[in-house]
Amino acid sequence: MTELSESLAKVKSEIAKVIVGQESMIEHLLVALLSNGHVIIEGVPGVAKTITAKLLARTISVGFSRIQFTPDLMPSDILGTSVFNVKNTEFEFKKGPIFSNFILIDEINRSPAKTQAALFEVMEERQITMDGTLYKMEQPFLVVATQNPIEHEGTYRLPEAQLDRFLFKINVDYPNLSQEMEIVKNHHENRLDDKISQIQAVISGHQLKNYQDLVKEIIVEPHLLEYIAKITVNTRENQFLYLGASPRASLALLTASKAFAAIRGRDFVTPEDIKEAAVSVLRHRVMVSPEREMEGLTADEIIKQILESIEIPR
């Protein structure tokens with residue numbers, strides 16, 4: 001477990017050469033890596049969503065693919081298509097950009113429903129069937145998608161049922177004043193391009209797979225399993241929520257809390273690990289009732305209220 005936490009500390013330090021602040025986003029991305037789960041990052045333009053994901057991919061010796069979603073993007077543009085080979089007079093399947101280890105989807109809500117559905121199917125099944133042939137995704141397989149919350153013209157809202165495919169939804173905030181000053185200073189001194197080229201791969205794909213297997217073995221006491229179940233059930237019984245979380249949320253919360261424990265060098269989960277994972281795991285799996293939404297109440301605030309209302313097991 002020590003080797004795992006030390007390796008991830010090296011990943012953080014590599015990313016920190018370029019990215020100022022955004023510690024929470026980086027840590028949640030690392031947790032998703034360990035959990036073998038997909039992530040959607042939401043934030044206004046210019047808060048380093050895309051570049052952070054690209055830098056994370058550079059720190060791991062695995063295949064990387066970036067797909068820019070657009071309104072005219074077709075499922076075959078992602079999955080691949082059969083092409084006729086004149087030499088042997090047969091159709092050959094040309095794999096699309098989804099056949100990689102670390103896939104960055106930029107502006108996932110810009111493509112139509114059928115393209116989104118094709119992506120979500122691969123995310124869930126980690127395989128596709130094309131012309132009767134099954135193609136399995138090579139492990140590790142992680143999708144990081146970005147989304148702009150303020151611009152809705154020309155976008156296609158992701159269905160709530162499909163959002164459930166993501167382990168986390170990470171909301172990215174603006175940097176504070178000191179961080180903003182450091183960003184401006186780094187740009188003024190023209191150090192950004194040099195730093196990006198200095199990012200080194202510190203984890204191999206094989207190591208990452210071993211770390212993912214290690215996380216599965218982390219100890220979770222029975223009273224903590226009950227704590228996770230209570231949190232999820234409370235979302236279904238909460239009067240402020242129109243839709244509560246499904247059992248998939250409980251499983252995601254369990255997996256993520258194990259990964260948080262691993263990053264902190266422990267082989268056992270604490271209630272703090274569960275609380276730290278809860279908001280990002282649940283915020284996209286619940287729906288605020290229309291009345292409360294009109295009052296300005298957010299899913300994050302309701303989830304925090306639920307966490308405060310449940311007695312922490314000791």
Side-chain angles (χ1 to χ4, degrees), residues 21-32 35 37-44 47 49 145 147-150 157-176 220-261 263-264 266 268-314:
Q22 306 297 9
E23 289 86 0
S24 177
M25 171 171 60
I26 294 166
E27 186 163 62
H28 277 74
L29 283 170
L30 292 176
V31 166
S35 305
H38 310 296
V39 176
I40 184 165
I41 308 174
E42 186 174 281
V44 296
V47 289
K49 303 185 299 294
Q147 181 172 269
N148 181 348
I150 59 166
R157 179 175 171 154
L158 299 177
E160 277 72 17
Q162 302 285 32
L163 279 172
D164 205 32
R165 301 280 188 268
F166 292 100
L167 175 74
F168 284 146
K169 181 183 179 187
I170 304 172
N171 288 348
V172 186
D173 295 323
Y174 288 114
N176 59 34
V220 187
E221 297 292 341
H223 63 275
L224 292 179
L225 295 175
E226 184 183 357
Y227 182 52
I228 289 170
K230 281 182 178 178
I231 292 170
T232 308
V233 169
N234 260 265
T235 65
R236 300 170 200 161
E237 299 172 349
N238 191 284
Q239 59 180 333
F240 298 155
L241 292 176
Y242 171 70
L243 177 72
S246 70
R248 185 182 282 162
S250 295
L251 302 179
L253 192 49
L254 173 65
T255 306
S257 58
K258 287 181 179 181
F260 269 112
I263 282 181
R264 283 152 180 69
R266 284 185 272 104
F268 60 91
V269 169
T270 66
E272 284 66 35
D273 297 322
I274 298 169
K275 290 180 75 173
E276 192 155 9
V279 176
S280 297
V281 165
L282 295 172
R283 62 162 58 108
H284 57 296
R285 303 173 194 268
V286 299
M287 290 177 65
V288 182
S289 63
E291 304 82 25
R292 299 302 173 187
E293 200 166 20
M294 288 175 66
E295 292 172 7
L297 199 60
T298 65
D300 287 21
E301 290 168 339
I302 296 169
I303 294 163
K304 287 172 184 173
Q305 288 173 10
I306 289 171
L307 292 173
E308 288 169 8
S309 69
I310 301 172
E311 186 180 352
I312 298 173
R314 297 294 178 190

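For reference, positions follow the sequence shown, starting with 1.
Contact record, Val269 with Leu224: O-CD1, 3.0 Å, taken as the closest heavy-atom pair. Across Gly296 and Glu301, no two heavy atoms sit closer than the pair O-OE1, 3.9 Å. Nearest heavy-atom pair, Ala256 versus Val31, reported as atom, atom and distance to 0.1 Å: O-CG1, 3.8 Å. Considering all non-hydrogen atoms of both residues, Ala277 and Ser257 come closest at CB-N, 4.3 Å. Contact detail for Gln147 and Ile40: the closest heavy-atom pair is OE1-CD1, 3.9 Å. For the residue pair Ala299 and Val288, the shortest heavy atom distance occurs at N-CG2, 3.6 Å.
Distance check, rounded to the nearest 0.5 Å: OG of Ser309 to CG of Asn234 gives 5.0 Å. With values rounded to the nearest 0.5 angstrom, Leu307 atom CG is found 10.0 Å from Ile274 atom CD1. Rounding to the nearest 0.5 Å places CD of Glu291 at 10.5 Å from OH of Tyr242. In this structure, Ser280 OG and Ile303 CD1 are separated by 9.0 Å, a value rounded to the nearest 0.5 Å. The distance from the NZ atom of Lys258 to the CG atom of Leu253 is 12.0 Å, given to the nearest 0.5 Å.
Gln305 places a side-chain heavy atom less than 4.5 Å from the side chain of Phe240. Side-chain contact between Arg165 and Arg248 is present, with heavy atoms from C-beta onward closer than 4.5 Å. A 4.5 Å side-chain heavy-atom check between Ile302 and Asn238 finds at least one atom pair inside the cut-off. Using a 4.5 Å cut-off on side-chain heavy atoms (C-beta onward), Asp164 and Ser246 make contact. Inter-residue side-chain proximity for Glu221 and Phe268 is flagged as unmet; no heavy-atom pair is nearer than 4.5 Å. Side-chain contact between His28 and Val39 is absent, with no heavy-atom pair separated by less than 4.5 Å. Looking at heavy atoms from C-beta onward, Lys169 lies out of side-chain contact with Leu163 at the 4.5 angstrom threshold.
Tested against Ser250, the residues Leu225, Ile228, Val233 include a single side-chain contact (heavy atoms from CB on, under 4.5 Å) partner, Ile228.
Within a 6.0 Å radius of CD in Glu295, more than 12 heavy atoms belonging to other residues, nucleotides or ligands are found.
Using cut-offs of 30° and 60° on the angle between ring planes, the pair Phe168 and Phe260 is tilted.
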Quiz item: What do the steps show when you test Asn171 against Asp300 for side-chain contact (heavy atoms from CB on, under 4.5 Å), and what is the final call?
Solution: CA-CA 10 Å; Asn171 288 348; Asp300 287 21; 4.1 Å; yes
Quiz prompt | Criterion side-chain contact (heavy atoms from CB on, under 4.5 Å) on Leu29 and Ile41, from CA distance to verdict | solution = CA-CA 9 Å; Leu29 283 170; Ile41 308 174; 4.1 Å; yes
Practice problem: Determine, stepwise, if the pair Glu276 / Arg264 fulfils salt bridge (Lys or Arg N to Asp or Glu O under 4.0 Å). | Solution: CA-CA 12 Å; Glu276 192 155 9; Arg264 283 152 180 69; 2.9 Å; yes
Practice problem: Before giving the answer on salt bridge (Lys or Arg N to Asp or Glu O under 4.0 Å), spell out for Lys230 and Glu226 the whole-Å C-alpha distance, their side-chain angles and the decisive distance to 0.1 Å. | Solution: CA-CA 6 Å; Lys230 281 182 178 178; Glu226 184 183 357; 3.6 Å; yes
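Proximity of a side-chain donor or acceptor of Thr235 to a complementary backbone N or O of Ala245 within less than 3.5 Å is detected.
Ion pairing between Lys275 and Glu272 fails under the 4.0 Å rule for side-chain N and carboxylate O.
Checked by atom type, the side-chain pair Thr270/Asp273 shows a donor-acceptor distance below 3.5 Å.
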